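Inspection log for the structure reproduced underneath, given as structure tokens.
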Amino acid sequence: MGEFKCGFTSFSVLLLFISFNLVLVHGQLLPIVNDYGENTSQIQIYIVHVLKPVGSNFLSAEDLENWHMSFLPNTTLDTGEPRLLYSYKEAISGFAARLTPTEVRAIENMDGFLGAEPSQRLELQTTYTHELLNLSTLFGAWSTSNSFYGEGIVIGVLDTGIHFPHPSFDDSGMPPRPSGWNASCYLPSCNGKVIGAQSFKYGNTTIPPTDIDQGHGTHVAGIAAGNFVDNAEVLGQALGRAAGMAPRAFISVYKVCWSEITIGCEKSGVIAAIDKAMQDGVHILQMSFGAPKKFLPTSFEEDSVAVATYSAMQKGIFPCTTAGNNGPDPRTLSHAAPWDMVVGATSTDRRIRATVTLGNGKQFHGETAYQPNTVTNKFLPLVFPGSNGQEDQQFCKNNSLNGINVRGKIVMCYIGNLKNIEKGDIVRNAGGAGMILMNFYIPGFTTSSDAHHLPVSHVSDKDAIEIKNYFANSSSPTAKITFGGTIFGARPAPALAYFSSRGPAGYNGNIVKPDVTAPGVNILSAWPVEVGPFPSGLKTKTFNFLSGTSMLG
Ligand SMILES: *[C@@H]1O[C@H](CO)[C@@H](O)[C@H](O)[C@H]1NC(C)=O
Ligand SMILES: *[C@@H]1O[C@H](CO)[C@@H](O)[C@H](O)[C@H]1NC(C)=O
Ligand SMILES: *[C@@H]1O[C@H](CO)[C@@H](O)[C@H](O)[C@H]1NC(C)=O
Ligand SMILES: *[C@@H]1O[C@H](CO)[C@@H](O)[C@H](O)[C@H]1NC(C)=O
Ligand SMILES: *[C@@H]1O[C@H](CO)[C@@H](O)[C@H](O)[C@H]1NC(C)=O
Ligand SMILES: *[C@@H]1O[C@H](CO)[C@@H](O)[C@H](O)[C@H]1NC(C)=O
Ligand SMILES: *[C@@H]1O[C@H](CO)[C@@H](O)[C@H](O)[C@H]1NC(C)=O
């Protein structure tokens, strides 16, 4: 035992080691230091799995931290930053630290080492709704499940934080907090609905977990457990009573996703949040993020988050994850652990209709949320900047419309490469009067009711082909966009969204995933800022449609 550099000698005699839980699932964790051939003097965050000392349940947090520190070369980097970011207590037996690949190789040779994984930035994904599931009808799950409206349940939402003042997070009608609940709250004040709010950013846990910049966490928390809000709408569309899946459930917020050039959820912080949520006593973990397409897990050794949710599952917590936005190809799942609920995304039967009428009289029903009633019912010239085959112009990328006369015209653009609303801004800034946003083969029939800033219709691939044929064969093509408001009963519905990741996983013992699908296209939920062409900044009662963040990556 003496050879273990434990840092606190009084304990070294007690340190008998037991085998790590994961062995039960998938054999021995292997050392998988994968530096992708990177500069070996490069410091990265690693998640390091180590053996658990016997009696570790009785160790103080400080003793456990000292045990983890004993694996590190020293306590700080040249820059003075601490090496140790997180010392995990429940989710995994291990820690997260700043190390170079060479330093990790040295740790591999130490007794007690099990495996190490470079931390990764995970992407935000999709969400789901109750509308099509009949939860709100008399015989739906709400009235038949034991837990009325999710009353008494605590949902831990790991995401971009929460826009606390939103009425979806009002505590009216909420039961008293669970007895013994003692999670921290780094918001101005928690209430009887949001009963915990914490942040995890590179080891820093003292940042308020607000969500004024991203909105995704607010949207997800609203879908999971938003309270009833009457007259919810997006620019007047989809008007109705908004509510989450479990409107009487509590929310405990864990902000793990941060904007740094792009938004991402750093894995060591995600595990720290799971670790804390387990100690806080949540019942459900809601995790709407996963590995990007290029770095999908191919084994559980590469997926420390799955190891953490395994521990959570053992404590009776229900881990809920998304299939991923990497479809429609097979083997594109971001999560595939047998113990995770993995959810794929479908459309609903609701459309926010924007109809394209061509000069030849043909009509095509697309979608948009911004439906101004000031638009003249007049045919306008139709222009397709990408008809020359230039990719930048097909996607209406910024500055690609220079030198093309789009003023006062309806502009045809393929979706992709940039966000739909930004594409509309480019058309608007170039003087375009409207945009037909066209799917191509892969996105197929999945359309978005985005809150655009000019008249738009997002049409299916099938309709786009006909519109292009008309454009190609007409000497003076014209079109108009008219608005049909909110339509229910669209068919076929539900239909699997093209972006929803498909199985199989190949590494999970042939267990079929995703487990279920749920509505994930154009879902209305809470949003921190006003949307549409005339935004006036932060508002408390706004909603937005979201279908996941990176539709075409
Ligand atoms: C490796 O990275 C360090 C620190 O970023 C840098 O100083 C060094 O020049 C790099 N070496 C190589 C071979 O790229
Ligand atoms: C810790 O070790 C690194 C090399 O691994 C060294 O550059 C740094 O100065 C050391 N820090 C302290 C405080 O000793
Ligand atoms: C939901 O309820 C409606 C009306 O009661 C019914 O037609 C529909 O089939 C139900 N949907 C599901 C998914 O059960
Ligand atoms: C609640 O948590 C704080 C630290 O976050 C701790 O100081 C306090 O003792 C805890 N109270 C109970 C009753 O567990
Ligand atoms: C953590 O973040 C807060 C807010 O950005 C900052 O004030 C504080 O200095 C940070 N703490 C550490 C240890 O970096
Ligand atoms: C397009 O690029 C210009 C600079 O060339 C920039 O000022 C403008 O904000 C960009 N527009 C959009 C919608 O990204
Ligand atoms: C129109 O043009 C397309 C492509 O240029 C062609 O395939 C099609 O047959 C033409 N005719 C009609 C009626 O669409």
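Note that the structure is a prediction, hence the values are computed from the model and not measured. Note that the numbering runs from 1 along the sequence shown for the chain. The figures here come from the full heavy-atom set of this structure, side chains too, leaving out hydrogens, waters and symmetry mates. In listed order, ligands and their atoms are each counted from 1.
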Can you name the atoms of ligand 5, numbered from 1 with element, that are less than 4.0 Å from a heavy atom of [X]?
| X | answer |
| --- | --- |
| Thr206 | 1 (C) |
| Asn204 | 1 (C), 2 (O), 3 (C), 8 (C), 10 (C), 11 (N), 12 (C), 14 (O) |
| Ile207 | 2 (O), 4 (C) |

Does the protein put a heavy atom less than 4.0 Å from [atom]?
| atom | answer |
| --- | --- |
| atom 9 (O) of ligand 5 | no |
| atom 5 (O) of ligand 6 | yes |
| atom 2 (O) of ligand 4 | yes |

Is the backbone N or O of [Y] less than 3.5 Å from a side-chain atom of [X], with the two atoms forming a donor-acceptor pair by type?
| X | Y | answer |
| --- | --- | --- |
| His458 | Gly366 | no |
| Ser268 | Ser119 | no |
| Lys193 | Ala249 | yes |
| Asp275 | Ala91 | yes |

*Provide the number and element of each atom of ligand 6 under 4.0 Å from a heavy atom of Ile426.*
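Counting from 1, the qualifying ligand atoms are 13 (C).
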*Which residue, Thr75, Thr76, Leu77, forms the side-chain contact (heavy atoms from CB on, under 4.5 Å) with Arg83?*
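For Arg83, the side-chain contact (heavy atoms from CB on, under 4.5 Å) test succeeds with only one of Thr75, Thr76, Leu77, which is Leu77.
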*Check each of Asn405, Val406, Leu401 against Val383 using the side-chain contact (heavy atoms from CB on, under 4.5 Å) test, and report the only one that passes.*
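Testing each of Asn405, Val406, Leu401 against Val383, the sole residue satisfying side-chain contact (heavy atoms from CB on, under 4.5 Å) is Val406.
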_When you compare ligand 6 with Asn398, is there at least one nitrogen or oxygen pair between them that comes in under 3.5 angstrom?_
yes
*May I ask you to check if ligand 4 and Asn182 share an N or O to N or O distance below 3.5 Å?*
yes
*Calculate, to the nearest 0.5 Å, the distance between atoms NZ and CG belonging to Lys423 and Asn417 respectively.*
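Here the rounded value is 6.0 Å.
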